[in-house]
Amino acid sequence: QVQLEESGGGLVQAGGSLRLSCAASERTFTKNVMAWFRQAPGKEREFVVYITWPIGITYYADSVKGRFTISRDNAKNTVYLQMNSLKPEDTAVYYCAAGRLVTMSKDRYDYWGQGTQVTVSS
């Protein structure tokens with residue numbers, strides 16, 4: 001049973017925008033912190049942003065602050081990542097994650113999607 005499923009990745013030029021979506025099962029979404037991580041080739045998976053349940057407190061990595069926006073639609077069990085002003089260094093596989101703890105640590109998240117590729121050309 002798929003718990004989290006990302007979509008919306010693709011190829012975009014520097015300065016462009018993409019919106020990622022993460023559809024979750026109700027059990028996975030409800031009462032969980034939802035987060036986005038990313039992993040570039042040869043690098044460790046890194047924290048991007050999280051959003052809490054239910055009121056949606058957010059926290060962003062410095063590298064994306066002011067350019068990326070996370071939101072969650074609790075009626076649709078979906079979390080979104082709007083990415084603007086994309087840079088080549090944003091190129092990575094982006095993963096959606098869910099867990100009970102409010103944390104930036106990837107090891108503390110219980111559920112993961114399969115990832116979606118984002119490629120930003122210069």
Side-chain angles (χ1 to χ4, degrees):
Q1 182 179 358
V2 176
Q3 307 277 7
L4 297 171
E5 187 166 8
E6 303 97 335
S7 61
L11 174 64
V12 64
Q13 288 189 331
S17 299
L18 281 175
R19 189 175 84 152
L20 306 183
S21 299
C22 174
S25 64
E26 183 175 0
R27 184 174 70 89
T28 305
F29 190 83
T30 303
K31 298 183 180 180
N32 274 332
V33 176
M34 301 297 295
W36 289 95
F37 288 78
R38 66 186 182 185
Q39 188 167 17
K43 295 188 177 181
E44 289 203 7
R45 192 170 299 189
E46 65 173 6
F47 169 79
V48 176
V49 60
Y50 67 63
I51 185 166
T52 64
W53 169 275
I55 61 174
I57 295 171
T58 60
Y59 186 83
Y60 294 86
D62 287 343
S63 58
V64 305
K65 201 173 296 182
R67 300 188 298 121
F68 290 10
T69 303
I70 190 172
S71 60
R72 64 190 297 165
D73 185 332
N74 293 340
K76 295 183 178 180
N77 298 330
T78 301
V79 64
Y80 303 97
L81 184 64
Q82 178 66 44
M83 306 185 295
N84 298 329
S85 302
L86 283 161
K87 304 175 182 179
E89 51 263 45
D90 294 318
T91 295
V93 177
Y94 282 71
Y95 296 91
C96 178
R100 288 297 192 185
L101 298 179
V102 182
T103 179
M104 295 183 288
S105 173
K106 62 182 182 297
D107 298 328
R108 297 303 191 115
Y109 283 85
D110 303 308
Y111 303 99
W112 291 87
Q114 81 289 350
T116 186
Q117 177 70 47
V118 171
T119 303
V120 184
S121 63
S122 56

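Residue numbers count from 1 along this sequence.
Residue Y111 qualifies as enclosed at atom OH: its count of foreign heavy atoms under 6.0 Å is above 12.
In this structure, D73 contributes its side chain and A75 its backbone to a donor-acceptor pair below 3.5 Å. With hydrogens and angles disregarded, no donor-acceptor distance shorter than 3.5 Å links the side chain of R108 to the backbone of R100. For the pair Y60 (side chain) and I70 (backbone), a donor-acceptor distance under 3.5 Å is present.
Atom CZ of residue R19 and atom CG of residue N84 lie 11.5 Å apart, to the nearest 0.5 angstrom. In this structure, CE on M34 lies 6.5 Å from CZ on R72, to the nearest 0.5 angstrom. R27 CZ to N77 CG: the interatomic distance, rounded to the nearest 0.5 Å, is 12.5 Å.
Taking a cutoff of 4.0 Å between a charged side-chain nitrogen and a carboxylate oxygen, D62 and K65 qualify as a salt bridge.
In terms of hydrophobic clustering, with Ile, Leu, Val, Met, Phe, Trp and Tyr side chains grouped at heavy-atom distances under 4.5 Å, W36 and L4 are assigned to a common cluster. Cluster membership for V118 and Y80, using ILVMFWY side-chain heavy atoms within less than 4.5 angstrom, is not shared. Residues L81 and V33 do not share a hydrophobic cluster, defined by chaining ILVMFWY side chains whose heavy atoms lie under 4.5 Å apart. If you chain together hydrophobic residues whose side chains sit under 4.5 Å apart, V79 and V93 never meet in one group.
Residues in residues 60-122 take part in these disulfide (SG to SG under 2.5 Å) pairs, two or more places apart or across chains: C22-C96.
The shortest distance between side-chain heavy atoms of Y59 and V102 does not fall below 4.5 Å. At least one side-chain heavy atom of N74 sits less than 4.5 Å from a side-chain heavy atom of W53. Residues S63 and R38 are in side-chain contact: their nearest non-hydrogen atoms beyond the backbone lie under 4.5 Å apart. Contact check for M83 versus V64: no side-chain heavy atoms found under the 4.5 Å cut-off. Side-chain atoms of D90 and R67, non-hydrogen and from C-beta on, do get closer than 4.5 Å to each other.
When every heavy atom of V48 is checked against every heavy atom of F68, the shortest pair comes out as CG1-CD2, 3.9 Å. Nearest heavy-atom pair, P88 versus S122, reported as atom, atom and distance to 0.1 Å: CG-CB, 3.9 Å. Considering every non-hydrogen atom in both T78 and F29, the closest pair reads N-CE1, 3.5 Å. E6 and Y94 get closest at one heavy-atom pair: OE2-O, 3.9 Å. Closest approach of Y109 and Y50 over heavy atoms only: OH-CB, 3.8 Å. Across A92 and Q117, no two heavy atoms sit closer than the pair O-NE2, 3.5 Å.
Each of V12, L11, L18 was checked for a side-chain contact (heavy atoms from CB on, under 4.5 Å) with V120, and the lone residue meeting it is V12.
Between the side chains of S25 and Q3, at least one donor N or O lies within less than 3.5 Å of an accepting N or O.
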